[in-house]
Colleague: 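Here it is: the structure, laid out below.
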Amino acid sequence: MLELRRLRLLHELALRGTLAAVAEALSYSPSTISQQLGLLEKEAGVALLAPDGRRVRLTEHGRVLAAHAARALDLDEQARGELESLSPGLAPVRVAVMQTATLALLPTALALLGDRAAGLRVELVQLPPEQGLFELTARGVDLVVAEQYPGHTRAHVEGLEREVLGTDPIRLAVPPADPARALHELHERAWAMEPAGTAAREWAVQQCRAAGFEPDVRFELADLTAHARLVATGHAVAVLPDLLWAGSPAPVRLLDLPEHPAREVFVSQRVASRDRAGIVEVRRALRDAFAATNADPAA
């Protein structure tokens with residue numbers, strides 16, 4: 001009989017690529033991971049791993065079993081969800097949240113959960129959407145609040161589903177005393193943008209190119225509150241989503257971009273866990289919190 005905990009290690013290796021990455025994600029030592037996978041090979045009766053330089057790779061048998069492991073883990077999650085629905089109390093829910101959702105949605109959502117599901121333990125980790133969605137696939141978290149920008153849709157991954165919470169306008173942020181009125185006037189300004197490789201960065205760069213210039217990105221920061229501070233103090237300009245202000249007046253001057261773009265904010269979970277009572281409650285609280293966040297930051 002194949003042991004489910006070891007099957008999860010094989011699944012993690014298929015996703016993360018190295019024993020060290022699996023060990024770090026699950027808080028084990030690499031030697032422990034290697035030992036457990038060795039035992040799984042004995043249970044399976046075939047070689048699952050092969051040397052690949054200083055690393056290991058999955059054999060053909062290993063890839064086949066890793067695919068079955070993913071399905072076995074889904075079934076385990078579905079079974080636990082059904083058992084949870086029949087028993088008092090709610091299992092903890094671990095949520096990966098992007099920064100703007102942490103600022104704008106979480107205080108209200110947690111307050112709602114305190115009234116509706118007082119015994120529910122919610123664990124939060126702030127991750128960029130790209131990393132959060134990966135960890136959802138890897139079962140590092142149960143829910144993810146993420147976004148996608150106009151024309152930059154995120155891949156639909158088998159086994160995951162999403163629910164749109166709403167749209168979040170994106171505006172041009174300039175210092176309060178800056179005389180600029182449109183994007184094309186900012187070709188000589190210093191820009192604050194998110195790190196290269198993120199959807200937000202790619203989208204912002206494309207807006208500048210469409211306006212006829214390559215942005216001078218001097219400040220590459222994942223922290224959008226730092227972007228706002230740099231803009232407010234006159235050191236940079238940026239494109240920022242309205243959720244950043246969480247219904248409060250913005251300390252910068254906000255200008256509309258061409259065609260009034262907005263990003264789509266969504267919550268995603270594994271299909272296998274969609275009916276878990278705690279996850280249903282958290283999704284509902286996030287949906288209601290987003291609906292309550294509709295103040296104009298330029299007011």
Side-chain angles (χ1 to χ4, degrees), residues 1-78 80 94-99 123-146 148 152-162 194-202 220-223 268-273:
M1 183 176 293
L2 300 174
E3 212 274 339
L4 187 61
R5 287 174 297 177
R6 294 181 188 129
L7 286 173
R8 183 185 177 186
L9 297 181
L10 187 68
H11 172 66
E12 291 276 350
L13 181 59
L15 288 175
R16 300 183 187 275
T18 68
L19 294 174
V22 175
E24 181 178 1
L26 301 182
S27 300
Y28 291 129
S29 68
S31 61
T32 298
I33 301 294
S34 181
Q35 180 188 44
Q36 291 299 308
L37 289 174
L39 291 173
L40 182 62
E41 283 189 316
K42 291 181 180 179
E43 292 172 352
V46 293
L48 302 176
L49 309 176
D52 187 11
R54 294 185 177 181
R55 299 182 178 183
V56 295
R57 59 176 174 80
L58 296 182
T59 64
E60 184 177 359
H61 289 101
R63 292 192 296 273
V64 168
L65 188 55
H68 282 290
R71 290 190 286 272
L73 290 166
D74 281 344
L75 288 172
D76 176 72
E77 193 161 26
Q78 290 171 10
R80 290 177 183 275
R94 186 166 173 81
V95 188
V97 190
M98 60 185 182
Q99 184 189 26
E123 300 173 354
L124 302 174
V125 56
Q126 185 172 298
L127 294 175
E130 294 81 5
Q131 187 178 352
L133 289 166
F134 176 83
E135 288 298 332
L136 181 63
T137 301
R139 288 178 167 76
V141 297
D142 301 307
L143 281 175
V144 173
V145 180
Q148 60 184 11
H152 288 70
T153 55
R154 296 191 182 276
H156 288 272
V157 179
E158 184 178 359
L160 302 185
E161 62 182 10
R162 64 181 67 168
E194 293 191 48
T198 61
R201 171 65 169 269
E202 293 175 6
E220 187 174 289
L221 304 163
D223 184 353
S268 182
Q269 75 277 321
R270 291 180 295 279
V271 173
S273 66

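Values reported hereafter were calculated over all heavy atoms of this structure, with side chains retained and with hydrogens, waters and symmetry mates removed. Along the sequence shown, the residues carry numbers beginning at 1.
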Colleague: Is Glu3 salt-bridged to Arg8, going by a charged N under 4.0 Å from an acidic O?
Modeller: no

Colleague: Do Val46 and Thr59 have side-chain heavy atoms sitting under 4.5 Å apart?
Modeller: no

Colleague: Just wondering, do Leu160 and Arg270 contact through their side chains at under 4.5 Å, heavy atoms?
Modeller: yes

Colleague: Take Leu26 and Leu9, measure what side-chain contact (heavy atoms from CB on, under 4.5 Å) needs, and give me the verdict at the end.
Modeller: CA-CA 9 Å; Leu26 301 182; Leu9 297 181; 3.4 Å; yes

Colleague: I need the minimum non-hydrogen distance between Leu40 and Leu10, along with the two atoms involved.
Modeller: CD2-CB, 3.9 Å

Colleague: Does Tyr28 OH have over 12 foreign heavy atoms under 6.0 Å away?
Modeller: no

Colleague: Do you know which two heavy atoms are closest between His11 and Ala69, and how far apart they sit?
Modeller: CB-CB, 4.2 Å

Colleague: Looking at side-chain heavy atoms only, is the closest gap between Val56 and Leu19 below 4.5 Å?
Modeller: yes

Colleague: Of all the heavy-atom pairs spanning Arg16 and Ala138, show the shortest one and how long it is.
Modeller: NH2-CB, 3.3 Å

Colleague: Quick check on Glu24: does its CD atom have over 12 non-hydrogen neighbours (other residues, nucleotides or ligands) under 6.0 Å away?
Modeller: no

Colleague: Going from CD on Gln269 to CD on Glu161, what distance comes out if it is rounded to the nearest 0.5 angstrom?
Modeller: 4.5 Å

Colleague: Please check if the number of heavy atoms outside Glu60 that lie under 6.0 Å from its CD is greater than 12.
Modeller: no

Colleague: For Val141 and Gly132, which heavy atoms make the closest approach, and how far apart are they?
Modeller: CG2-O, 4.0 Å

Colleague: Please name the residue in the list Glu43, Glu41, Glu12 that meets the salt bridge (Lys or Arg N to Asp or Glu O under 4.0 Å) test with Arg6.
Modeller: Glu43

Colleague: If you define the side chain from C-beta out and look only at heavy atoms, does anything of Asp76 sit under 4.5 Å from Leu4?
Modeller: yes

Colleague: Work out which heavy atom in Asp142 is nearest to a heavy atom in Leu136; give both atom names and the distance.
Modeller: O-CD1, 3.4 Å

Colleague: Please lay out, stage by stage, how Phe134 and Leu15 fare under the test side-chain contact (heavy atoms from CB on, under 4.5 Å).
Modeller: CA-CA 9 Å; Phe134 176 83; Leu15 288 175; 4.1 Å; yes

Colleague: Output the distance between atom CZ (Arg94) and atom CG (Leu124), rounded to the nearest 0.5 Å.
Modeller: 9.0 Å

Colleague: Looking at Arg139 and Glu77, does any basic side-chain N land under 4.0 Å from a carboxylate oxygen?
Modeller: yes

Colleague: Checking salt bridge (Lys or Arg N to Asp or Glu O under 4.0 Å) between Arg201 and each of Glu194, Glu130, Glu220, which is the one that passes?
Modeller: Glu220

Colleague: Taking all non-hydrogen atoms of both residues, which atom of Pro30 and which atom of Ala23 are closest, and how far apart?
Modeller: N-CB, 3.6 Å

Colleague: With heavy-atom distances below 4.5 Å as the criterion, would you say the side chains of Leu13 and Ile33 are in contact?
Modeller: no

Colleague: Show your working on side-chain contact (heavy atoms from CB on, under 4.5 Å) between Leu58 and Leu48 and close with a plain yes or no.
Modeller: CA-CA 6 Å; Leu58 296 182; Leu48 302 176; 5.6 Å; no

